[in-house]
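All remarks here apply to the structure that follows.
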Amino acid sequence: MSLYRVEVTETRAPGADRPWNVTRRVLSAESAPCLSPVLVRLAGRRRRIACGRRLPMGQQCRNCAPRILITEVRRVTA
């Protein structure tokens, strides 16, 4: 599983419903080896790459599928 720990900062104008600026900062990223590598052929060569680099998220193995954990959300009024 690819686990990303993220901190979010939202900047708002006074009285606004939605933030006008959202900043996301990745605090850490952890990953494990791919469980089902995909065979890619190009110009007569073959190579196995991680399924997370080639397949849509619904078809990736559990180690390649990204998981995002939001650790903190700060709301700042400017």
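Quick caveat: nothing in here was measured; it's all calculated off a predicted structure.
- Nearest heavy atoms, S36 versus C51: O-CB, 3.5 Å.
- Remark: side-chain polar atoms of R24 are not paired, donor with acceptor, to backbone N or O of V6 under 3.5 angstrom.
- Side-chain contact between R67 and S2: absent, with no pair of heavy atoms (C-beta onward) separated by less than 4.5 Å.
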Let me see the working for R74 and E7 under side chain to side chain contact (heavy atoms under 4.5 Å, CB included), right down to the final yes or no. CA-CA 8 Å; R74 285 194 254 170; E7 177 184 88; 3.0 Å; yes
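- When hydrophobic clusters are built by joining Ile, Leu, Val, Met, Phe, Trp and Tyr residues whose side-chain heavy atoms come closer than 4.5 Å, directly or via intermediates, Y4 is grouped together with V22.
- Inter-residue side-chain proximity for T11 and P19 is flagged as unmet; no heavy-atom pair is nearer than 4.5 Å.
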With side chain to side chain contact (heavy atoms under 4.5 Å, CB included) as the test, would you mind laying out the steps for V76 and T9 before giving the verdict? CA-CA 7 Å; V76 178; T9 303; 4.0 Å; yes
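- When all heavy atoms of T71 and R5 are compared, the pair lying nearest together is CG2-CB, 4.0 Å.
- Side-chain contact check for R25 versus L27: some heavy-atom pair is nearer than 4.5 Å.
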Test side chain to side chain contact (heavy atoms under 4.5 Å, CB included) on R62 and L35 and set out the steps. CA-CA 8 Å; R62 70 171 191 246; L35 298 175; 4.0 Å; yes
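- Shortest non-hydrogen contact noted between C34 and C61 is SG-SG, 3.9 Å.
- At a threshold of 4.5 Å between non-hydrogen side-chain atoms, the residues R47 and R41 do not count as touching.
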Show your reasoning for whether side chain to side chain contact (heavy atoms under 4.5 Å, CB included) applies to T23 and V8. CA-CA 6 Å; T23 304; V8 179; over 6 Å; no
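- R48 and P37 get closest at one heavy-atom pair: NH1-O, 3.7 Å.
- In summary, R18 and E10 do not engage in a salt bridge, as defined by a charged side-chain N under 4.0 Å from a carboxylate O.
- A 4.5 Å side-chain heavy-atom check between Q60 and P66 finds at least one atom pair inside the cut-off.
- Side chain of N63 to backbone of P33: a donor-acceptor contact under 3.5 angstrom is found.
- Counting non-hydrogen atoms of neighbouring residues, nucleotides and ligands closer than 6.0 angstrom, the CG atom of L69 exceeds 12 such neighbours.
- Cluster annotation: I68 and V26 are assigned to the same hydrophobic cluster (Ile/Leu/Val/Met/Phe/Trp/Tyr, side-chain heavy-atom contacts under 4.5 Å, transitive).
- For the atom pair CG of L55 and SG of C64, the computed distance is 8.5 Å after rounding to the nearest 0.5 Å.
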